[in-house]
Every structure is written in structure tokens, then in C-alpha cells.
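Heads up, the thing below is written out as C-alpha cells.
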Amino acid sequence: MTFTCFDLRMIATLQGAQKIVVLTGAGISVESGIPTFRDAITGLWKNFDIEMLATAEAFLRDPALVWGWYEWRRMKVLSAQPNAAHIAIAELAGRVPQLSLFTQNVDDLHERAGSIDVRHLHGSLHHPRCFDCGHPYSLPDGVPDEPEGGRRLSPPKCLECGGMIRPGVVWFNEPLPVNILDGAFELSNSCDLLIVVGTSGVVYPVAQLPEVARNAGHKVIQINPARSELDRICTWNVRGSAGKLLPAMINRAF
Ligand code: APR
């Protein structure tokens with residue numbers, strides 16, 4: 001069912017939910033000014049496609065191009081603020097017995113909005129590590145000096161082994177963090193409500209989570225201004241932006 005307002009049964013389900021799973025994608029950060037993953041191919045990188053930037057092979061082929069792209073994206077995040085959707089999810093966690101937040105996003109906006117235990121299924125821009133030995137690398141504080149449009153930046157060197165530092169994100173053809181992914185499947189199966197916000201639902205295995213919840217007999221609410229691959233699975237498809245709909249839905253319920 002597709003709605004542009006709130007169905008009373010949906011609100012009642014939210015009010016009665018004991019175990020909620022929230023799954024977010026790039027769309028929840030759009031109203032903070034963060035380009036979605038596919039919109040971030042601009043400037044210096046506009047002639048590259050995703051697979052030519054977000055892979056280990058791309059990094060080895062041209063470390064400065066890839067590191068520069070991720071540093072530009074990190075700069076965009078550090079210059080941005082969490083929006084009302086991030087804040088609403090943090091507030092919802094205080095109104096229900098259990099809320100587990102999983103995100104495909106590599107920004108830290110959920111954390112800065114007050115959410116705790118944010119589980120990053122695709123890693124994080126803020127936790128780089130050594131490409132060779134895996135040792136974590138501490139990025140300097142502050143916003144990197146990155147002119148709009150970006151430029152090549154040589155990655156720093158590992159303090160342990162001298163290897164190149166790589167972004168702490170999950171690249172294409174890389175495994176997702178097993179413990180986080182297993183937790184997401186387990187909780188999608190055992191929750192009583194899954195709320196999916198701002199994802200096109202095209203990248204697996206994460207895109208499978210709403211179906212796991214639905215197949216286990218649980219309700220699924222989707223918030224997205226556009227149709228997505230998840231429409232056919234969700235109990236309620238609420239059309240609109242997360243920054244407007246999430247706060248309104250939570251205020252309506254509690
Ligand atoms: N509120 C809610 N949803 C929105 C908003 C908004 N204001 N603006 C856009 N959206 C929706 C779009 O309609 C789209 O369905 O957000 C979704 C963004 O989809 P993608 O750009 O494909 O991002 P995402 O689904 O998070 O991508 C998943 O794929 O590219 C890889 O690893 C990358 O984590 C990423 C994964």
C-alpha cells in the first residue's frame with residue numbers, strides 16, 4: 001500500500017512495537033546536503049563510474065584519485081549537520097523498548113544526532129585503516145582542506161608498516177562485516193516492525209532485510225519520495241522525504 005499520509009493501522013503498529021529494526025540508506029542524508037552515493041560522482045570524478053572508484057583494484061591502480069574522492073566525501077560530511085530524520089530516529093529509540101539501527105551509510109550523521117550503537121553495514125568514512133596490515137589510522141581533526149570538486153590526494157602511510165591507508169568503507173566485491181550483517185538478519189527475523197528509510201533497495205545482501213522481516217510475518221514501513229525495489233515487499237510505502245515524514249510519524253504515534 002502506498003500512502004502520502006499516515007495509515008491508522010501503521011501508527012498503531014508503531015505504538016505497539018516492542019522490537020524495532022531501522023535500516024537507512026543514502027536518502028536519509030540527502031536533507032543534510034550529502035549527495036547520494038551515485039550523485040557523488042561529480043567534479044574530478046565525473047568521468048569515472050562507481051566501479052572505477054569504489055574497489056580495491058581502483059585504489060591500487062590510482063590511490064590518489066580514490067583517496068581524494070573519499071576525502072572529498074568526508075569533507076562534505078564533516079561540513080554537514082544531522083537532519084530531522086536522523087534526530088527523529090535517535091528520539092524514537094527513547095520511546096520504544098528496543099530499537100536496532102543499521103545503516104548502509106558511511107557518514108557519522110546518525111551518531112551526531114544522538115543514536116548509539118549505530119551498525120554500519122558498509123563501513124565508515126571515519127575509520128580508515130592500513131590496506132596492507134589493517135591497522136586503524138587516526139585521521140587529523142577538523143575538515144580537510146579540499147576545494148570544491150576535489151583533487152587527487154596521496155593516501156597517508158601506515159604508522160605500523162608503512163603501507164597505504166585506505167578508506168574504512170566496504171568496496172564492491174568485498175565482504176560486509178559478518179557480525180553486523182548476521183545481527184541484521186537475525187533481528188530482521190525476530191523484530192516486530194522494520195522501518196526502511198532512503199534506500200533504493202538494489203544492493204544485496206542488505207536489500208534482502210525487509211523481505212526477511214516480511215517473510216517472518218512482521219510489518220515493514222518504507223519512507224522514500226520515490227518508488228524503490230522494496231515497494232512490493234513493504235506493508236506500507238509512505239511517499240515523502242525522511243526529514244519531514246519521520247518526525248511527523250513519531251509525533252503522531254507518541
Ligand atoms: N528522504 C528519503 N529517501 C530519499 C530522499 C529523502 N529526502 N531523497 C532521496 N531518497 C531516496 C531515493 O529515492 C533512493 O531510493 O534514497 C534512495 C537512495 O538510493 P541510493 O542512492 O541507491 O543509495 P542506497 O540505497 O543507500 O545505496 C545502497 O549501494 O552504492 C552502494 O554502498 C553503496 O551504501 C550504498 C548502497
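Every number for a ligand or one of its atoms is a count from 1 in the order of the listing. Side-chain atoms are counted along with the backbone in the values below, which use heavy atoms only and exclude waters and symmetry mates.
- Evaluation of the side-chain contact (heavy atoms from CB on, under 4.5 Å) rule for Ser228 yields Gln222, Asn224, Leu230, Asp231 as partners, not counting sequence neighbours.
- Ligand 1 is never approached by Ile28 to a heavy-atom distance shorter than 4.0 Å.
- Just one residue in the list His120, His110, Glu111, Arg119 forms a side chain to side chain contact (heavy atoms under 4.5 Å, CB included) with Leu101, and that residue is His110.
- Those atoms of ligand 1 that come under 4.0 Å of a heavy atom in Glu31, given as number and element, are 1 (N), 6 (C), 7 (N).
- The N/O atoms of Ala242, backbone and side chain alike, include one that comes under 3.5 Å of an N/O atom in ligand 1.
- Shown in contact with Gly198 at under 4.0 Å from a heavy atom are these atoms of ligand 1, numbered in order with element: 2 (C), 3 (N), 16 (O), 17 (C), 18 (C).
- Taking any N or O of Gln104, backbone or side chain, at least one lies under 3.5 Å from an N or O belonging to ligand 1.
- Among residues two or more places apart in sequence or in another chain, the side-chain hydrogen bond (donor to acceptor under 3.5 Å, both in side chains) test is passed with Asp107 by Ser29.
- With respect to the salt-bridge test (charged N to carboxylate O, under 4.0 angstrom), the residues Arg166 and Glu71 do not qualify.
- In summary, the side chains of His86 and Ser115 do not present any donor paired with an acceptor at a separation below 3.5 Å, with no hydrogens or angles considered.
- Interface of Val203 with ligand 1, defined as ligand atoms under 4.0 Å from a residue heavy atom, comprises 29 (O), 36 (C).
- Proximity annotation for atom 22 (O) of ligand 1: of Gly240, Ser200, Gly25, Ser200 comes nearest, heavy atoms only.
- Taking distance alone, with nitrogen or oxygen atoms compared against 3.5 Å, Ser241 stays at or beyond that limit from ligand 1.
- Taking the centre of each ring, Phe59 and Trp171 come in below the 6.0 Å mark.
- Both tests do not hold together for Arg74 against Trp72: distance to the six-membered ring centre under 6.0 Å, angle to the ring axis within 45°.
- Residue-ligand proximity, Ala226 to ligand 1, at heavy-atom distances under 4.0 Å covers atoms 13 (O).
- At a cut-off of 3.5 Å, with distance as the only test, a side-chain donor of Thr199 or Gln104 sits close to an acceptor on the other residue.
- The shortest N or O to N or O distance between His122 and ligand 1 is under 3.5 Å.
- By heavy-atom distance, the residue among Pro225, Ser29, Gly201 lying nearest atom 4 (C) of ligand 1 is Pro225.
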